[in-house]
Amino acid sequence: MSPAAVLSGPFGTLDHVYVVVAGERLLPVPPVGGAARPAGRPGHWAAAVRELEAAEGPRWVWADTRETYAPLLEQGVRVARCHDLALTEGLLLAHEGRHGEPRSARAAHARLRGLPVPDDRPSAPGTLFAPEPLGAEAVAEVLADQLRRIAALPEPGRFRLLVAAESAGALVADEMAHDGMPWRRDVHDALLTDLLGPRPVHGMRPARLQTLADEVAAAFGRPVNPDSVQQLVKAFKGAGVALKTTRQWELKRIDHPAVTPLLAYKELARLHSAHGWAWADQWVRGGRLRPEYVVGGVVSGRWATSGGGALQIPKVLRRVVLADDGWLLVVADAAQLEPRVLAAMAGDVGLARAAGEIDLYSALARSFGGERDHAKIAMLSAMYGGTSGDASKLLAVMRRRFPKAYQFVEDAAKAGEEGRIVRSWLGRTSPPPSQRWKELVSGPEGSRAARDRGRFTRNFVVQGTAAEWALALLAVLRGRLPEPARLVFFQHDEVMVHCPAELADEVIAAVTEAAAEATRLLFGPTPVRFPMGAVAVESYADAK
DNA sequence: TGTCATTGCGCC
DNA sequence: AAAGGGCGCAATGACA
């Protein structure tokens, strides 16, 4: 695939740029946050951004999307494209084998100038005063340096796409936090009350949990805190049941009257503590859930959240996510994304042919000469390094039928085991082995440590590329949504759009087109299909 | 009283 | 049905 092939569409090059700070052809932007924000005319620069966006649609360059874009959104200003210096710096540093170095635009600038580099990593002690924002020249210098470094890479076209997609993700993350996902607090409260009893005063157990805790204690004939692993293990031991852990699956194999109320307690206690009333108080405002997304927060390129736990919302709460009156939720997820990504990356003709069908595993099974379930196990084991059950026998079939795909993930695993780094399709780089790992790998448990890292790098190339495809989808879809439809949720391979009911069909079509475009951007012409199942529903619970 | 590691479990 | 890897979060318990 030629690098030029991936440069069309919404990503483009960086030849039309506004650096959002002071200077010629550049916009003055006030320092954001802290006491440095000038009083009086907060809308002034936002209005200028709005005008230039409408007139020229540039790619905005700024040090940090959250700092600059969140205030723009507050002013009702949205932009189509940006280049986030900090995210780009992180990608470049990792590619250059400098994974842990500070990645803020300020740090990048200090490195360029040979000045002391401020430690902006999360582990660094917090600073008392927000630093002055970088000036225009400094931002422009960092940008120029980054463009030079990207141009020197072996696959600059792919990396430019990665930078553009990552930056677009940053825009989406801020927009989703700004718009929020519809969340019916009244439905949530009713559900909690139904399952747990009325909301207790702070620090108390809800009635239903207390009843279950009492039943557990009664089953043991003595007081036991069901939240305490130690107490539970001791209590079971006293009852003649030896347990290593108190995980669900282990408890389920045990015949003891405490098990049933304990499992019920665990499930409900988790709902209460992780997504109960206190959680809603903190994260739901004005009928919207507004979590903080961390773009690139996972080494593989997946997003993380800091607070709000939006990527771990339990399925029982999906019925709390309800469209506004007259609106619908378009929920779409990519079917079997990771095996499709592997098929496209590895250039394995047989696997790509199977991935050209809607049900990849059935197609795989036909080509495999076996059952669908077996084909699925073989595929997952290849991607994740599984060893359980029939895996090795099935992997042998996999190796024979799909040699290039098999070799692709084997190579990634071997690199990991040998302490080398691996890269995703667009060039996101895995962390190098830690010092601890290097010590471990030459010790008595060395082969175990090597295998563990092999599984990580094996998974990294697939998960990382899947994350890139999803980011590209998000970026394209964002640009195709009709007003006033809004992206309100994104979870690895799933998106949700909130839109007026009459626009739902248009939004579903946009999702389908965006999937095709994302596929083209990453892989060029490929027989592999990436089907997105998109449905319009009133409640998230009805999406599956 | 605070910090840190561990355990367990939710999501993909 | 699950397996694999990746996360965030809450509670406990050890320790300072």
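By convention in this document, chain letters (A, B, ...) are assigned in the order of the sequence lines, proteins followed by strands, and residues within each chain are numbered from 1.
- Relative to the side chain of A:Ser273, the nucleotides C:dG13, C:dA11, B:dG8 differ in distance, and C:dA11 lies closest.
- Applying the 3.5 Å distance criterion, the base of B:dC9 shares a donor-acceptor pair with the side chain of A:Arg270.
- Between the CD atom of A:Gln248 and the P atom of B:dC9 there is a distance of 5 Å, rounded to whole Å.
- Taking atom CG on A:Asp227 and atom P on C:dA10, their separation rounds to 14 Å, with Å as the unit.
- The side chain of A:Lys315 approaches B:dC11 more closely than any other nucleotide in the set B:dC11, C:dC7, C:dG13.
- Distances shown here put every side-chain N or O of A:Gln230 at or beyond 4.0 Å from the OP1 or OP2 atom of B:dT7.
- Listed nucleotides: B:dC12, C:dA2, C:dG8. Nearest to the side chain of A:Gln312: C:dG8.
- Considering only residues two or more places apart in sequence or on other chains, A:Ala516 meets the side chain to side chain contact (heavy atoms under 4.5 Å, CB included) condition with none of them.
- Nearest to the side-chain atoms of A:Ser228 among the listed nucleotides B:dG10, C:dG13, C:dG4 stands C:dG13.
- Applying the side chain to side chain donor-acceptor pair (under 3.5 Å) rule to A:Glu215 yields no partners; only residues at least two apart in sequence or on another chain are considered.
- Comparing C:dG6, C:dT12, C:dG4 against the side chain of A:Gln463 picks out C:dG6 as the nearest.
- The phosphate of B:dG8 has OP1 or OP2 within less than 4.0 Å of a side-chain N or O from A:Thr246.
- For A:Tyr384 and C:dA2, the OH to P distance is 13 Å, given to the nearest whole Å.
- Residue A:Asp333 is out of contact with every strand shown, counting any heavy-atom pair closer than 4.0 Å.
- For the residue pair A:Ser228 / A:Asn225, no side-chain donor-acceptor distance below 3.5 Å is found, with atom types taken as modelled.
- As rounded to whole Å, 9 Å separates atom P of B:dG8 from atom CD of A:Glu250.
- If you check every strand for non-hydrogen atoms under 4.0 Å, A:Glu267 touches nothing.
- Counting only heavy atoms from C-beta on, A:Val298 has its side chain closest to C:dG6 among C:dG6, C:dG13, C:dA10.
- The ring of A:Phe220 has its center closer than 6.0 angstrom to the ring center of A:Phe236.
- The residue among A:His272 and A:Leu311 whose nearest nucleotide of DNA chain C lies closer to the 5′ end is A:Leu311.
- Within 4.0 Å of A:Val299, counting heavy atoms only, lie sugar-phosphate atoms of the nucleic acid but no base atom.
- Here the P atom of nucleotide C:dG4 and the CZ atom of A:Arg451 are 13 Å apart, to the nearest Å.
- Evaluation of atom-type donor-acceptor distances gives no pair under 3.5 Å for the side chain of A:Arg247 against the base of B:dC9.
- Among the nucleotides C:dA2, C:dA10, C:dG8, the one closest to any side-chain atom of A:Ile377 is C:dA2.
- A salt bridge does not link A:Glu417 with A:Arg453: every distance from a Lys NZ or Arg NE/NH1/NH2 to an Asp or Glu carboxylate oxygen is 4.0 Å or more.
- To the nearest angstrom, C1' of B:dT7 lies 13 Å from CG of A:Leu251.
- Atom CZ in A:Arg302 sits about 9 Å away from atom C1' in B:dC11, given to the nearest Å.
- Among the protein residues, A:Arg318 comes within range of the sugar-phosphate backbone only, with heavy atoms under 4.0 Å from sugar or phosphate atoms but none that close to a base.
- Side-chain atoms of A:Glu338 and A:Tyr384 include a donor-acceptor pair closer than 3.5 Å.
- What separates CD of A:Glu494 from P of C:dG6 is a distance of 22 Å, to the nearest Å.
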